[in-house]
Amino acid sequence: MKVILVGGGIVGISTAYYLLRSGHEVVVVDGSDLLDGCSFGNAGMVVPSHIVPLASPGMIARGIRWMFRSDSPFFIKPRLSADLLRWGWQFYRHSNHRHVQRAAPALKALSLLSKNLYCALAAELPFAFGYTERGLLMLYRSAEAEQEEAEAARFANALGLEARVLSAGQVQQLEPHVAVSVRGGVYYPGDAHLVPHKLMQQWIPYLAERGVRFISGEEVQDFKVKAGRIVCVCTEKQELTADEVVLSAGAWSGNVARRLGINIPMQAGKGYSFLTGHNTLPVTIPAILLEDRVAVTPMGDEVRLGGTMEITGLDLQINMKRVHAIARAIPRYYPKAQINFPPPETVWSGLRPCPPDGLPYIGRTRRYKNLVLATGHAMMGLSLAPATGKLVSQIINGEETAVPVDPFSPDRF
Ligand SMILES: Cc1cc2nc3c(=O)[nH]c(=O)nc-3n(C[C@H](O)[C@H](O)[C@H](O)COP(=O)(O)OP(=O)(O)OC[C@H]3O[C@@H](n4cnc5c(N)ncnc54)[C@H](O)[C@@H]3O)c2cc1C
């Protein structure tokens, strides 16, 4: 079959890989130059530990507190937008224990599938992308965060995911090359990390050499539909016929879906990252600095620092105040590491595709017989991409899916 993918971020690229392996003709259409999107500059964490969706108890109160600080890691730009109001209402409705209890097993199954696939990809792809299984440290300085993380660790262990609550001394033993000043931490030994730009920069040419056609710099603007099927995908320059269409347009997917009359609530969650030398912060295990929501990931000779979630629309503008807050957080946890403020031209920004309930959209919709959605992975798109690609290929092949996709139904709102 000829399958057209709208969007070539990590989700589209993973999907192209598994579709190609199933023998399909694959075309990836992307409005960008495919050099620097959200799938390139992220923190590179592969996180089976993240089984609690963003919409969870406590998030609303914490979010409101953060809203009033100009350098906080979270911000919603108040604006009169019906989409934002609907999204906010759904977020509020899902921020409860019942939703977490329902969502966690589904996220766990998807995450573990994805991690196993990354492990296989590291062996089968003929290029290295820094895939390393060294776990993840959730580090905290306050009693409040300690209590929350201990609860999260209990929840993870009850679901069969290993989580170890560590004292400050035990954290220091795990990171012998850098002084750590924390109250304690939770260690998830099952997590992994990789270098996302290395993966993207090599996977795209690898697929192109094997027959995947990439059309970059052309936005999909419209579709032609006949008898419940999408027959044509239209860019400003051409019309491409399709047997199957995959919508993997990241944060823009809500707008693209609207052109097909499909409602998938989505907001862009902007985040920033920048690199610093590994010698300035010689960590060996990725970490999340909880009070500041900063991600720290060793990537070869460098360390990537990332953070911030700004719900400010489809806008990539960089707010240096929040970037400086990322740099300022580092010595609070690693007192000997002084990170210079990065020059603005070295700061990267990306838009996470965020559904209000924290679960991705994966699967077919009622409306079209030949459309599969693969989007909305929010803070876990890199982590969950191989599983999503595999599931989409199984759906298109008419096979049983490796894990149930009902919880991710695009028709759920
Ligand atoms: C600071 C930061 C840190 C992060 N850290 C992590 C992490 O450690 N682990 C993790 O798992 N995730 C992380 N994420 C999230 C992760 O980066 C995203 O979830 C993921 O990149 C989304 O991938 P995607 O393929 O869905 O979207 P994208 O990478 O955004 O790709 C979508 C593509 O669709 C294209 N497109 C849009 N509209 C159209 C159209 N109309 N026609 C054609 N093309 C179109 C775009 O040009 C784009 O290339 C992080 C994100 C940020 C911002």
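Everything quoted here is computed from the prediction, not taken from an experiment. For ligands, and for the atoms within them, numbers begin at 1 and follow the listed sequence.
Cation-pi geometry between Arg322 and Tyr272 is not met at under 6.0 angstrom from the ring centre and within 45 degrees of the axis.
In terms of protein heavy-atom proximity, atom 2 (C) of ligand 1 is closest to Arg352 NH2, 3.5 Å. Nearest protein heavy-atom neighbour of atom 45 (C) of ligand 1: Gly31 N, 3.9 Å. Closest to atom 31 (O) of ligand 1, if we only count protein heavy atoms, is Gly9 CA, 3.3 Å. For atom 36 (N) of ligand 1, the nearest protein heavy atom (residue, atom name, distance) is Ala249 CB, 4.0 Å. Summary of contacts: the protein heavy atom closest to atom 8 (O) of ligand 1 is Met45 N, 2.9 Å. The single protein non-hydrogen atom nearest to atom 4 (C) of ligand 1 is Asn42 CB, 3.2 Å, given as residue, atom name and distance. The protein heavy atom nearest to atom 23 (O) of ligand 1 is Ser39 OG, 3.3 Å. With hydrogens left out, the protein atom closest to atom 46 (C) of ligand 1 is Asp30 OD1, 3.5 Å, a heavy atom.
No side-chain N or O of Arg304 forms a donor-acceptor pair with one of His193 less than 3.5 Å apart. No donor-acceptor contact under 3.5 angstrom links the side chains of Arg364 and Tyr368, judged on distance only.
The contact set between ligand 1 and Val29, taken as ligand atoms under 4.0 Å from a residue heavy atom, comprises 43 (C), 44 (N). Against a heavy-atom cut-off of under 4.0 Å, Val256 is close to the following atoms of ligand 1: 41 (N). Atoms of ligand 1 lying under 4.0 Å from any heavy atom of Ser248, numbered from 1 in the order shown and given with element: 32 (C), 34 (O). Close approach of ligand 1 to Gly271 (heavy-atom distance below 4.0 Å) involves ligand atoms 1 (C), 53 (C). The Val11 neighbourhood of ligand 1 comprises atoms 24 (P), 25 (O), 26 (O), with distances under 4.0 Å to a heavy atom of that residue. Heavy-atom proximity to Met380, at under 4.0 Å, picks out these atoms of ligand 1: 10 (C), 11 (O), 12 (N). Heavy-atom proximity to Ser32, at under 4.0 Å, picks out these atoms of ligand 1: 47 (O), 49 (O).
In terms of polar-atom proximity, defined here as any N/O pair under 3.5 Å, Gly381 does make such a contact with ligand 1. Inclusion of Met379 in the set of residues having an N or O under 3.5 Å from an N or O of ligand 1 is warranted. The shortest N or O to N or O distance between Ile10 and ligand 1 is below 3.5 Å. Where the criterion is an N or O separation shorter than 3.5 Å, residue side chain and backbone included, Gly307 fails it with respect to ligand 1. For ligand 1, one of its N or O atoms has an N or O atom of Leu382 under 3.5 Å away. Remark: ligand 1 and Ser383 share an N or O pair separated by less than 3.5 Å (distance only, no angle test).
Ligand 1 is approached by Gly44 to a heavy-atom distance shorter than 4.0 Å. For the ligand labelled ligand 1, residue Gly37 lies outside the 4.0 Å heavy-atom shell. Using a non-hydrogen distance threshold of 4.0 Å, Gly7 registers as a contact of ligand 1. Not close to ligand 1: Ala251, with no non-hydrogen atom less than 4.0 angstrom away. Note on ligand 1: Ser273 sits outside its first shell, no heavy atom being nearer than 4.0 Å.
Within 6.0 Å of CE in Met200 there are more than 12 heavy atoms belonging to other residues, nucleotides or ligands. By the neighbour-count criterion of 12 heavy atoms within 6.0 Å, atom CZ of Phe341 is densely surrounded, having more than that number from other residues, nucleotides or ligands. Within 6.0 Å of NZ on Lys2 lie more than 12 heavy atoms contributed by other residues, nucleotides or ligands. By the 6.0 Å contact criterion, CG on Asp33 is enclosed, its count of non-hydrogen atoms from other residues, nucleotides or ligands being greater than 12.
A donor-acceptor pair under 3.5 Å links the side-chain atoms of Ser349 to the main chain of Leu316, judged by distance alone. In this structure, the side chain of Gln202 engages the main chain of Lys198 through a donor-acceptor pair within 3.5 Å. Formation of a donor-acceptor pair under 3.5 Å by the Glu175 side chain with backbone atoms of Ile285 is found in this model. The backbone N or O of Gly190 lies less than 3.5 Å from a partner atom in the side chain of Lys115, making a donor-acceptor pair.
Partner of Asp357 under the side chain to side chain donor-acceptor pair (under 3.5 Å) criterion, out of Arg412, Arg93, His99, Arg102: Arg412 alone.
Taking the charged nitrogens against the carboxylate oxygens, Glu144 and Arg62 have no contact shorter than 4.0 Å, which rules out a salt bridge. With respect to the salt-bridge test (charged N to carboxylate O, under 4.0 angstrom), the residues Glu291 and Arg183 do not qualify.
Relative orientation of the Tyr131 and Tyr118 rings is parallel, given thresholds of 30° and 60° on the angle between their planes.
With sequence neighbours left out, Arg229 forms a side-chain hydrogen bond (donor to acceptor under 3.5 Å, both in side chains) with no residue at all.
Here the shortest heavy-atom distance to atom 30 (O) of ligand 1, taken over Ala43, Cys38, Pro353, belongs to Cys38.
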